[in-house]
Structure formats: structure tokens, C-alpha cells
Engineer: 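A single structure is presented below for examination.
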Amino acid sequence: MMIIRVTKEFDFETAHALDGYNGKCKDIHGHSYHLTVTVKGEVIDDNTDPKDGMVIDFKDLKSIIKTEIEPIFDHRLILRDTSRFKGIEKINDRVRYVAYQPTCENMLLEIVDIFKRFLPESIHLCKVSLRETANSYSEWLAEDNL
């Protein structure tokens with residue numbers, strides 16, 4: 001049995017504000033996020049299967065992003081549900097309220113949970129990283145969360 005890791009990368013734009021934070025990030029601002037997802041599994045060895053030779057079709061990873069992650073993050077303003085900006089949705093319908101402080105780390109944890117729910121059982125999530133700026137990112141590793 002040979003296990004292979006497969007990685008797919010995505011980009012999206014999101015704004016957020018960190019209520020209660022003592023710094024510039026307390027105000028609404030945005031980032032160009034870069035998401036990297038690594039999964040592992042066995043290579044399909046079945047010449048009758050159109051996915052023969054693949055661990056997972058890259059388009060299947062892309063589909064999870066396009067249907068489950070982009071709609072709730074891309075070009076959205078993410079605010080904590082107790083935010084002092086509550087009410088801004090009256091003039092901006094791209095606001096999404098969440099139960100957590102919308103840090104890079106917490107957004108990453110939500111993304112990890114989404115992937116865990118939508119990946120096929122035979123595919124295991126290994127690593128997910130969310131880059132908020134050119135030199136700052138959060139990283140989730142399966143081995144750290146056993």
C-alpha cells in the first residue's frame with residue numbers, strides 16, 4: 001500500500017475586524033488570503049475507474065472550496081456576532097456574523113471542520129494553512145490534533 005499526499009491551493013478576499021483587540025486590527029480591514037490544503041490517501045488502482053491513478057481528483061477539492069468555503073468567506077466581511085459594527089449588514093449584505101473572534105487561526109479551524117465534513121472517508125486531511133499576509137499564516141496539522 002502506497003500513501004500519497006495531494007495539495008491544492010486557493011485564494012480569496014475577506015475583510016474582518018477583531019473587536020476588543022488593542023491595535024489596528026480592531027477596525028474593519030481586509031486581506032488576500034491564500035489557503036493550502038493537503039490530503040492523503042491510496043492511489044486508485046482500478047483501470048475501470050475514471051480516477052485510476054489518482055488519490056483524489058483535484059477538481060473534487062476545488063468543488064469543496066467553491067461550494068462550501070468561498071460562499072461564506074470570499075468577499076465577505078466577517079464579524080463576531082457581538083461586534084460593535086452590528087447593524088452594518090443594513091448597508092452591506094456581504095456581512096457574515098460568526099460565534100468566534102475572526103482571527104486567521106479561528107477562520108482556519110472553521111475551514112478544517114468544513115473539509116473534514118465533505119472529504120470522502122478514504123481521504124484524510126493532513127495539513128491546512130491559511131496565509132493572511134505575505135509573511136503571516138496559521139497552520140493546522142493532523143498529527144498535532146490526534
Side-chain angles (χ1 to χ4, degrees), residues 1-44 50-51 53-146:
M1 170 174 72
M2 297 298 278
I3 300 296
I4 301 287
R5 292 176 189 238
V6 174
T7 300
K8 185 81 174 147
E9 298 182 343
F10 306 91
D11 296 299
F12 58 90
E13 309 295 324
T14 302
H16 66 159
L18 304 181
D19 274 319
Y21 180 73
N22 187 17
K24 290 180 183 179
C25 293
K26 70 182 177 192
D27 294 317
I28 295 171
H29 63 288
H31 299 282
S32 295
Y33 287 91
H34 183 77
L35 177 65
T36 304
V37 178
T38 301
V39 299
K40 70 179 178 180
E42 288 185 58
V43 174
I44 297 167
K51 295 183 180 182
M54 297 179 186
V55 170
I56 186 172
D57 193 327
F58 286 118
K59 91 175 174 197
D60 293 339
L61 289 174
K62 183 178 179 180
S63 177
I64 294 170
I65 289 288
K66 295 294 182 188
T67 62
E68 305 301 329
I69 294 171
E70 275 189 7
I72 63 173
F73 284 102
D74 190 38
H75 285 84
R76 293 273 182 187
L77 169 56
I78 311 292
L79 297 171
R80 186 179 229 163
D81 54 12
T82 58
S83 174
R84 73 187 194 279
F85 296 109
K86 194 101 175 183
I88 198 170
E89 69 278 3
K90 293 173 188 157
I91 59 169
N92 183 341
D93 64 353
R94 300 290 299 168
V95 178
R96 178 170 171 248
Y97 291 102
V98 294
Y100 58 80
Q101 180 78 303
T103 60
C104 184
E105 296 90 337
N106 282 333
M107 290 168 55
L108 174 64
L109 289 175
E110 183 178 11
I111 290 167
V112 166
D113 285 341
I114 291 167
F115 268 104
K116 284 180 174 181
R117 285 197 321 266
F118 289 95
L119 281 172
E121 279 187 33
S122 62
I123 303 299
H124 304 282
L125 196 58
C126 297
K127 177 180 171 183
V128 184
S129 65
L130 184 61
R131 183 170 295 279
E132 188 172 86
T133 68
N135 54 11
S136 301
Y137 66 95
S138 297
E139 185 173 68
W140 177 92
L141 298 169
E143 65 195 47
D144 294 341
N145 294 282
L146 295 176

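In this text, all values refer to a predicted model and were calculated from it rather than measured experimentally.
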Engineer: For Asp60, check side chain to side chain donor-acceptor pair (under 3.5 Å) against everything at least two apart and list the hits.
Structural biologist: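 Listed in chain order: Lys51.
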Engineer: Kindly state each residue pair satisfying salt bridge (Lys or Arg N to Asp or Glu O under 4.0 Å) with at least one member in residues 92-108, sequence neighbours excluded.
Structural biologist: Arg96-Glu110
Engineer: Any side-chain heavy-atom pair from Pro102 and Leu18 closer than 4.5 angstrom?
Structural biologist: yes
Engineer: Sequence neighbours left out, what pairs pass salt bridge (Lys or Arg N to Asp or Glu O under 4.0 Å) with at least one residue falling in residues 29-40?
Structural biologist: none
Engineer: Going by salt bridge (charged side-chain N to carboxylate O under 4.0 Å, His left out), name the residues that satisfy it together with Asp27, two or more places apart in sequence or in a different chain.
Structural biologist: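 If we apply the salt bridge (charged side-chain N to carboxylate O under 4.0 Å, His left out) test to Asp27, skipping adjacent residues, the hits are Arg84.
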Engineer: Could I get the full list of side chain to side chain donor-acceptor pair (under 3.5 Å) partners for Glu68, not counting sequence neighbours?
Structural biologist: none
Engineer: Apply side chain to side chain contact (heavy atoms under 4.5 Å, CB included) to Pro120 and list each qualifying residue two or more places apart in sequence or on a separate chain.
Structural biologist: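 With neighbours one apart ignored, the set is Ile56, Ser122, Ile123.
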Engineer: Using side chain to side chain donor-acceptor pair (under 3.5 Å) as the criterion, list what pairs up with Lys62, not counting sequence neighbours.
Structural biologist: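 Per chain and number, Lys62 pairs via side chain to side chain donor-acceptor pair (under 3.5 Å) with no residue.
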Engineer: Name every donor-acceptor pair, under 3.5 Å, that has one atom in a side chain of residues 4-14 and the other anywhere in the protein, sequence neighbours excluded.
Structural biologist:
residue : atom : partner : partner atom : Å
Thr7    : OG1  : Thr38   : OG1          : 2.7
Glu9    : OE1  : His34   : NE2          : 3.4
Asp11   : OD1  : His34   : ND1          : 2.6
Glu13   : OE1  : Ser32   : OG           : 2.6
Glu13   : OE2  : Ser32   : OG           : 3.2
Thr14   : OG1  : Phe73   : O            : 2.7

Engineer: Check ring-ring contact (aromatic ring centres under 6.0 Å, His included) between His29 and all other residues, then give those that pass, not counting sequence neighbours.
Structural biologist: His16, His31
Engineer: Is Leu79 close to Val95 at the side-chain level, that is, under 4.5 Å between some pair of heavy atoms?
Structural biologist: yes
Engineer: Can you sort out the partners of Ser138 under side chain to side chain donor-acceptor pair (under 3.5 Å), two or more places apart, ordered by chain and number?
Structural biologist: none
Engineer: Just so I know, are the side chains of Ile114 and Ile72 near enough to count as touching, which here means a heavy-atom distance under 4.5 Å?
Structural biologist: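 SC-SC contact between Ile114 and Ile72 confirmed.
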Engineer: With side-chain contact (heavy atoms from CB on, under 4.5 Å) as the test, would you mind laying out the steps for Leu61 and Phe118 before giving the verdict?
Structural biologist: CA-CA 9 Å; Leu61 289 174; Phe118 289 95; over 6 Å; no
Engineer: Does any non-hydrogen side-chain atom of Ile3 lie less than 4.5 Å from one of Glu42?
Structural biologist: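 Touching, per the 4.5 Å side-chain cut-off.
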Engineer: Indicate yes or no for a side-chain donor-acceptor contact from Thr67 to the backbone of Ser63 under 3.5 Å, with no hydrogens or angles considered.
Structural biologist: yes
Engineer: If you look only at distance, which donor and acceptor atoms sit under 3.5 Å apart when one is on a side chain in residues 139-146 and the other is two or more places apart or in another chain?
Structural biologist:
residue : atom : partner : partner atom : Å
Glu139  : OE2  : Lys127  : NZ           : 3.3
Asn145  : ND2  : Leu141  : O            : 2.8

Engineer: Between Tyr33 and Glu132, does a side-chain contact (heavy atoms from CB on, under 4.5 Å) hold up when you go through it step by step?
Structural biologist: CA-CA 5 Å; Tyr33 287 91; Glu132 188 172 86; 3.0 Å; yes
Engineer: As a quick check of understanding, evaluate side-chain contact (heavy atoms from CB on, under 4.5 Å) for Leu108 and Thr103, giving each step before the final call.
Structural biologist: CA-CA 8 Å; Leu108 174 64; Thr103 60; over 6 Å; no
Engineer: Please identify each residue that fulfils side chain to side chain contact (heavy atoms under 4.5 Å, CB included) with Asp81, with sequence neighbours left out.
Structural biologist: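 By the side chain to side chain contact (heavy atoms under 4.5 Å, CB included) rule, Asp81 matches Lys86, Tyr97, Ala99.
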